[in-house]
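So the structure is just underneath, and the comments pick up after that.
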Number of protein chains: 2
Amino acid sequence: MKTADPELMRAINRFHVMDAIRRFGPIARVEISDRTELSATTVSAITAALLDDGLIITHQLGGIRDAARGRPRVMLELNPAAAYVVGVKLAPDQITIATTNFRADVLSSLMLPIRLQRQPVSVIADLVEDGIRRCITDAGLTMDQISGVCIGLPGVVERVAGICRASPIFGENDVPFAAELTARLGGVVATIDSDVNLVTLAEHWFGQARGLDDFLVISVELGLGLGIMHNGELFRGANGLSPDLGDLMVRPPSGNGSARLASVASETSILAEARACLTGTEHEHAFRLGRGMEKVVELATTREPHIMALLEHAGEALGFAIANLITLFAPPKVILAGATLAAGDALVEPLRRTVGELLPPSLADVADIVVHHWSDDIWARGAAAMTLRDLYGAPWNTTGPAVHR
Amino acid sequence: MKTADPELMRAINRFHVMDAIRRFGPIARVEISDRTELSATTVSAITAALLDDGLIITHQLGGIRDAARGRPRVMLELNPAAAYVVGVKLAPDQITIATTNFRADVLSSLMLPIRLQRQPVSVIADLVEDGIRRCITDAGLTMDQISGVCIGLPGVVERVAGICRASPIFGENDVPFAAELTARLGGVVATIDSDVNLVTLAEHWFGQARGLDDFLVISVELGLGLGIMHNGELFRGANGLSPDLGDLMVRPPSGNGSARLASVASETSILAEARACLTGTEHEHAFRLGRGMEKVVELATTREPHIMALLEHAGEALGFAIANLITLFAPPKVILAGATLAAGDALVEPLRRTVGELLPPSLADVADIVVHHWSDDIWARGAAAMTLRDLYGAPWNTTGPAVHR
DNA sequence: TCATTTAGTAAATGATGCGGATTAAATCTG
DNA sequence: CAGATTTAATCCGCATCATTTACTAAATGA
């Protein structure tokens, strides 16, 4: 049970101030005071401590002066150099890594197209470690300047325990991957999280859901993921487990029995089916080269009937699941993200149609379904943001209960 | 944005102390101090204020003395007479009302078997008002002693706005039922909430989920409801909407297309189908008398094939939905509640089997599915508890930031 | 009777947020 | 160009609160 003492008070208010500075860029103390509804005095005290700790910096010449009179505002912003973090995104066929500063600006990024599946955990950890070290060097930094590393991966992840319960990446279950990496990074703490949670946070911080406190993110990649933002907080299941959307059961395309969503609508299943129905055609070659998805996208633009039917089934299955999620959460926005969405309307149109058909009338218009095409390193940026989020809220150095120096 | 000030601190700690007293019955200050991790002094101060306000009372003669030496503990407990509240549960065919004291002990209860469907809102409000007044009188109280009224009803309810978005009870949507009743009760504030939320809270306070901070409640009555307890808090969708489980889409029994869960597994649908397949038999009469569910239960015990098949379909559909919910929330416990469960294993066994079949292996054992048969007035007790919960947390009289008198 | 033990309270201390007065730094005005 | 005005930020004093330390209360045990 968290007991409320003055220290907690300070921590809460400090977080609010940090959050306002992060969200509203260079911002004057008065405006922080307005937005947070804290008194000017309190804001002054907190920002003084933050400046003292080097977490924020002043930015004289405020630029736009709203009223031409009076003492000019001193703008405050995050000190980009206050901390550096690394974000990693693991996908079955590629590792993406990004180094960012305290403002979540990407300083360097790295993409390693490596097939991770079937590799032992230690090999994967080695690859990630090498990539992280390389990426840090690329950014002109050294390991001891790094405040934290966050690794996002598909599947069921228990963040607080640092354990990956199940993932297409690992052959085994219950992999303590956070500890595995922390051990390799010489004192730098690594955390893990579900990859969708990272996109969800990224959407909240930089993306289409800025300022929106309730929304869902559906990631459609080799696996399927669900991120839930609820009341401005990432929703995690009991024990901090992240749900795996692919494990949801849906109405199958054959119209008979039931099927796991992952077996109908994930990139993995789409590729497998596409390959099956294109065997013996001129297109088969692309699948052997690992260029299957490009071929599917290409054939979708030419409206190849088999592919269209296949994508329609996938879209309908996703629509079924999403309709149920909207029924449960009534979110004002649903964001679709992930590489598979390159297939475009052939996938998304049946999805929207199915959601429209299945949603109860009372919820017909609550959710705005949007597609967000993102570059790969943004996922890694989301991972970095996850670490920064902890740093912002952490009892930082002396910013805590006023250690006198 | 909620700013943290000393007053908030006090409110939080006061709530923790109240919660400890509520949960652990007669309890000494030392033990509160242990459990809440607040200092003995703080507990002393807070309990003094609570005593002063009459919210708790001392209970000398502590009873069991753990160590035979030392100054005896003074036990504290909720003052039953500190406040009285009324809980109401609306079902399509009956109104249940209960008056409780501050400890949520039921003082009087009332059950009105009235068919509410198709009645105009004002008529329903009149009926509820009359029932409330009657129930208060039965408890030996008067209206001005009542601190609050909470009405639970099936469907989609927006608690904070006091609006029922959609319900089988009302013919219309967006009914401002809370305002409707508050206007009739002469100053006593009425709130509304989804009926499952009330059971969920009741399970958390008095039921099978005491001390459990994550669990789901599935209510199977004329309608279907879902209650979610997450991190010790009732989970509500965006805008404070409560989800309606009946609107979820499931795999239909015919194995083709998809169907709304309510059309397969609610008591309404079960009765309709049972009536259809029993037309022309000796059993038909029971349905005309409105005794359909009793007849279904009776036939289930004799394993009548039609009924068994029907209940099996319903159980499978529920299992499908519940498997998906477990995938999403990974709750350690799922509680099934509601009148329809009287059908027993004919319904519950297929449900368990389906959940077992559909759950991904990684989640196979996380959730314990239990059935809870409850009497009707317990639902109303849950409604009362919902009001008490607000009272416990409210800035009470002078217990707030020390108004000097 | 008096030491011992446990429960509960009082006084002192320090952290915190807030309101009102004050200072700082610019523009406006005559 | 000097003083008035305006807006931003800070200083000072106060009230609240939780905590630590010392103390009192009320029982048992020797």
Side-chain angles (χ1 to χ4, degrees), chain A residues 1-17 26-34 36-52 58-76 395 398-404, chain B residues 1-17 26-34 36-52 58-76 395 398-404:
Chain A
M1 192 168 300
K2 185 71 198 144
T3 103
D5 53 9
E7 190 174 339
L8 176 70
M9 229 162 79
R10 185 58 146 202
I12 293 172
N13 289 334
R14 192 174 54 237
F15 182 79
H16 283 157
V17 170
I27 181 176
R29 292 177 177 82
V30 222
E31 202 184 334
I32 298 177
S33 173
D34 283 350
T36 60
E37 292 173 38
L38 290 165
S39 75
T41 310
T42 303
V43 172
S44 223
I46 291 176
T47 52
L50 294 174
L51 281 166
D52 197 41
T58 61
H59 188 274
Q60 215 54 245
L61 306 189
I64 315 98
R65 310 209 38 201
D66 8 30
R69 306 230 334 214
R71 175 176 172 175
R73 302 178 161 195
V74 177
M75 307 306 266
L76 303 172
T398 65
T399 317
V403 175
H404 298 297
Chain B
M1 191 169 304
K2 185 72 198 144
T3 100
D5 53 9
E7 189 174 337
L8 176 70
M9 229 162 78
R10 184 61 139 192
I12 293 173
N13 289 334
R14 191 174 55 237
F15 183 79
H16 283 157
V17 169
I27 181 177
R29 292 178 177 82
V30 224
E31 201 184 333
I32 298 176
S33 174
D34 283 349
T36 60
E37 293 172 38
L38 290 165
S39 74
T41 309
T42 303
V43 172
S44 223
I46 291 175
T47 51
L50 294 175
L51 280 166
D52 195 42
T58 61
H59 188 273
Q60 214 55 243
L61 305 190
I64 315 100
R65 309 207 39 201
D66 8 30
R69 310 240 317 227
R71 175 176 171 176
R73 303 178 161 194
V74 177
M75 308 306 266
L76 304 171
T398 64
T399 317
V403 176
H404 297 295

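Lettering of chains follows the sequences in order, A, B, ..., and the numbering in each one begins at 1. No hydrogens, no waters, no symmetry mates; every other heavy atom, side chains included, goes into these values.
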Using the side-chain heavy atoms of Thr3(A), tell me which of these nucleotides is nearest: dT19(D), dA9(D), dA7(C). dT19(D)
Looking only at the side chain of Thr41(B) (C-beta and beyond, no hydrogens), which of the listed nucleotides dT20(D), dG19(C), dA7(C) gets closest? dT20(D)
Atom CD1 of Ile32(A) and atom P of dA8(D): how far apart are they, to the nearest Å? 13 Å
Regarding Ala4(A), tell me which of base, sugar-phosphate or nothing describes its non-hydrogen contacts under 4.0 Å with the strands shown. sugar-phosphate
If you assign each of Ala48(A) and Met9(B) to its closest nucleotide in DNA chain D, which residue comes earlier from the 5' end? Ala48(A)
Check whether any side-chain N or O of Thr42(B) sits under 4.0 Å from OP1 or OP2 of dT19(D), and answer yes or no. yes
Counting side-chain heavy atoms from CB outward, which of dA26(D), dT16(D), dA26(C) is closest to Pro72(A)? dA26(C)
What is the nucleic acid contact for Val43(A), judged by heavy atoms within less than 4.0 Å: base, sugar-phosphate only, or nothing? nothing
Would you kindly give the CD1-to-P distance between Ile27(B) and dG8(C), to the nearest whole Å? 11 Å
Distance in angstrom units between Ile46(A) CD1 and dA9(D) P, rounded: 15 Å
From the list dA7(C), dA9(D), dT16(D), which nucleotide is the closest neighbour of the side chain of Val30(A)? dA9(D)
Does the Ser33(B) side chain pair with the main chain of Leu38(B), one donor and one acceptor, at a distance under 3.5 Å? yes
With side chains defined as the heavy atoms from C-beta onward, is the minimum distance between Met9(B) and Leu8(A) less than 4.5 Å? no
Please find the pair of heavy atoms, one from Arg29(B) and one from Thr47(B), that lie closest to each other, and give the distance. NE-OG1, 3.3 Å
Quick one: Glu7(A) CD to dT16(D) P, roughly how many Å, whole number? 23 Å
How many Å lie between CG on Leu8(A) and P on dG17(C), as a whole number? 11 Å
Rounded distance (Å) that lies between atom P of dT19(D) and atom CG of Asp5(A): 6 Å
Tell me the partner of dA30(D), counting only Watson-Crick (N1-N3 plus N6-O4 or O6-N4) or G-U wobble (N1-O2 and O6-N3) with both under 3.5 Å; none if nothing fits. dT1(C)
Can a side chain N or O of Arg69(B) be found less than 4.0 Å away from OP1 or OP2 on dA27(D)? no
Can you tell me how far C1' of dC17(D) sits from CZ of Phe15(B), to the nearest Å? 20 Å
Verify the contact: side-chain N or O of Arg10(A) to OP1 or OP2 of dG17(C), cut-off strictly under 4.0 Å; return yes or no. yes
Per Arg71(A) side chain, nearest of listed nucleotides dA8(D), dT20(D), dC17(D): dA8(D)
I need the NE2-P distance between His16(B) and dC17(D), as an integer number of Å. 16 Å
Close side-chain approach of Ile32(A) to Leu76(A), heavy-atom, < 4.5 Å: yes
For Arg10(A) and Ile46(A), work out which heavy atoms get closest and say how close. NH1-CG1, 3.5 Å
Closest-nucleotide 5' rank along DNA chain D - winner of Thr47(A) and Ala45(B): Thr47(A)
At their closest point, which heavy atom of Pro26(A) faces which heavy atom of Met75(A), and how far apart are they? O-CE, 3.4 Å
So, is Asn13(A) near the phosphate of dG17(C), with a side-chain N or O under 4.0 Å from OP1 or OP2? yes
